[in-house]
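This is the structure I have questions about; it appears just below.
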Amino acid sequence: MAGVNADLISQYFKKGADVEISSDEEGFRGSLYAGTVIRPPGNLTSRSAKVMVEYKTLMEDKAGKRRLREEVELVQLRPPPPEENRPSFKFSDEVDAYYNDGWWEGIITQVVGEDNKYSVFFRGSREQITFKASNLRLHREWANGMWVPPLEPAELSPAAAGTPKSESRRSKTSIPAAKTPKSEGRRSKKRSLSNEVEANEEVVERTFNPGEHVEVKNDEEGFEGAWFGATVMKNLKEGKYLVEYQTLRNDDDTNFLREEVDSLHIRPVPPDVELIDRFEVDDEVDASCNEGWWRGAVSKVLKNDRYSVYFKTSDEELKFNHSDLRVHQEWINGKWNTASKALKF
């Protein structure tokens with residue numbers, strides 16, 4: 001919900017408005033839950049302003065009689081995306097998959113047979129699960145009062161496509177929100193994918209050996225989406241590793257930082273891909289910055305082999321030389337995958 005002005009906040013997040021609520025809790029990052037605004041924000045200029053919401057699919061009690069209410073920050077809210085008319089998806093599409101009463105962000109890695117089913121890989125839990133097309137939607141971000149990537153007329157459902165053309169993109173309040181698939185039963189708590197879903201496809205686990213060069217992900221606030229070069233020092237129990245970073249120093253700056261990491265936060269060093277003479281707008285890249293590689297998307301092509309890159313997690317746009325960028329690759333089920341085009345942030 002980054003960058004939304006006060007007028008848009010008062011329009012979309014007034015009392016009674018339908019919203020989707022994101023979560024930053026461990027095990028729930030990348031998930032969205034349907035809800036209703038009970039008490040709107042008092043301060044329309046602060047991203048951390050508090051909003052009281054009531055969830056539509058999460059319940060306060062085990063009997064399922066009282067819907068869960070919670071105070072969340074304004075930055076966690078967005079309107080429900082418009083209902084789409086999308087009968088099928090393709091490899092590498094960024095999607096939201098409906099499970100455990102919420103929408104979870106993932107990427108399509110395989111079209112399964114002819115039954116209109118798709119394998120979806122979830123980066124946070126490193127799980128790959130099959131879903132019907134009816135339980136998927138294209139992943140979109142809501143920024144500055146607009147959906148990105150933007151919806152084309154052919155993608156809208158018949159009801160949404162009937163909106164008068166004279167309305168501006170920001171004033172389409174009559175577009176129906178995407179339908180939420182039927183819930184499997186009222187829940188009293190949020191249920192994470194890793195705790196509740198038994199992956200129905202085999203996921204290849206990669207073992208790393210001492211001395212091997214790797215990249216390590218950091219999920220701390222402010223570092224989401226960044227990978228740092230490291231060397232495996234020791235294999236530990238329960239799939240964990242002791243690593244030594246190649247660029248990060250310890251607190252007293254006497255040596256390189258050593259840390260224990262689990263298998264969800266370590267991967268091989270991405271291989272070199274074909275030489276890219278020039279990146280284009282919307283290309284998904286990794287940018288070398290602050291001792292690590294940060295995932296972003298090219299937002300502008302500048303002169304002298306320079307680019308502006310937008311980072312969704314921090315809502316920042318920074319400039320980089322061509323030599324400081326690399327093609328973004330995903331380590332999925334033991335293989336490297338390169339998206340042909342980025343999700344337009």
Side-chain angles (χ1 to χ4, degrees), residues 1-24 30-54 56 72-86 94-96 102-103 105 137-157 159-180 224-225 281-282 284 296-300 308-318 341-345:
M1 202 216 69
V4 180
N5 61 38
D7 290 338
L8 289 173
I9 292 173
S10 60
Q11 176 185 353
Y12 286 105
F13 305 118
K14 58 188 176 183
K15 183 177 180 180
D18 290 331
V19 293
E20 288 191 343
I21 307 145
S22 64
S23 176
D24 288 331
S31 64
L32 290 158
Y33 296 87
T36 304
V37 174
I38 302 301
R39 186 183 68 239
N43 184 352
L44 301 183
T45 62
S46 173
R47 288 162 51 91
S48 61
K50 300 296 184 180
V51 184
M52 179 64 71
V53 297
E54 180 179 270
K56 294 185 177 182
V72 300
E73 292 187 355
L74 180 61
V75 71
Q76 294 177 246
L77 300 184
R78 71 179 202 176
E83 184 180 343
E84 298 180 31
N85 179 26
R86 180 175 290 272
E94 298 267 358
V95 296
D96 296 330
W103 293 97
E105 181 182 353
R137 68 185 187 190
L138 195 66
H139 179 76
R140 301 182 190 276
E141 295 291 332
W142 193 70
N144 294 319
M146 301 175 67
W147 291 104
V148 287
L151 286 95
E152 302 298 332
E155 293 179 317
L156 294 172
S157 68
T163 303
K165 293 182 180 180
S166 60
E167 293 186 6
S168 67
R169 188 180 299 270
R170 291 189 179 185
S171 64
K172 292 180 178 177
T173 55
S174 61
I175 292 180
K179 293 179 180 178
T180 299
E224 300 94 334
V281 171
D282 296 332
E284 196 168 8
V298 174
S299 54
K300 296 177 185 175
S308 291
V309 177
Y310 178 73
F311 301 94
K312 179 179 67 174
T313 54
S314 60
D315 188 31
E316 290 180 300
E317 187 178 61
L318 303 175
K341 206 69 172 175
L343 169 69
K344 300 177 184 178
F345 295 136

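Residue numbers run from 1 in the order of the sequence given.
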Reported CD1-to-CD distance for the pair Ile38 and Glu54, which is rounded to 0.5 angstrom:
4.5 Å
Check the pair Leu77, Val53 against side-chain contact (heavy atoms from CB on, under 4.5 Å), reporting the backbone distance first and the verdict last.
CA-CA 10 Å; Leu77 300 184; Val53 297; 4.0 Å; yes
Validation row: Glu141, Met146 side chains within 4.5 angstrom (heavy atoms):
no
Correct closest heavy-atom pair for Glu94 and Leu138 would be O-CD1, 3.3 Å
In terms of side-chain geometry, is the basic nitrogen of Asp18 or Lys56 positioned less than 4.0 Å from the acidic oxygen of its partner?
yes
Are the side chains of Ile21 and Leu32 in contact, using a 4.5 Å heavy-atom criterion?
no
Should Leu318 and Val309 count as side-chain neighbours, where that means a heavy-atom distance under 4.5 Å?
no
List for me each residue that meets side-chain hydrogen bond (donor to acceptor under 3.5 Å, both in side chains) alongside Thr36, sequence neighbours excluded, and say none if there are none.
none
Quick check: closest heavy atoms across Val37 and Lys14, and the distance to 0.1 Å?
CB-O, 3.4 Å
Classify the ring geometry between Trp142 and Trp147 as parallel (under 30°), tilted (30 to 60°) or perpendicular (over 60°).
tilted
Quick one about Glu317 and Ser299 (side-chain donor to acceptor, distance below 3.5 Å, no hydrogens or angles considered), yes or no?
yes
Any chance you could measure Ser31, atom OG, to Trp103, atom CH2, to the nearest 0.5 Å?
13.0 Å
State, with a plain yes or no, whether a side-chain heavy atom of Pro79 is found less than 4.5 Å away from one of Tyr12.
yes
Can you name the one residue among Glu105, Gln76, Glu73 that meets side chain to side chain contact (heavy atoms under 4.5 Å, CB included) with Ser22?
Gln76
With a sphere of 6.0 Å drawn around NZ of Lys300, does it hold more than 12 non-hydrogen atoms of other residues, nucleotides or ligands?
no
By side-chain contact (heavy atoms from CB on, under 4.5 Å), Pro41 pairs with (sequence neighbours left out) Ile9, Leu44, Ala49, Val51, Leu74
Under 4.0 Å between a Lys/Arg side-chain N and an Asp/Glu carboxylate O for Arg137 and Glu20?
yes
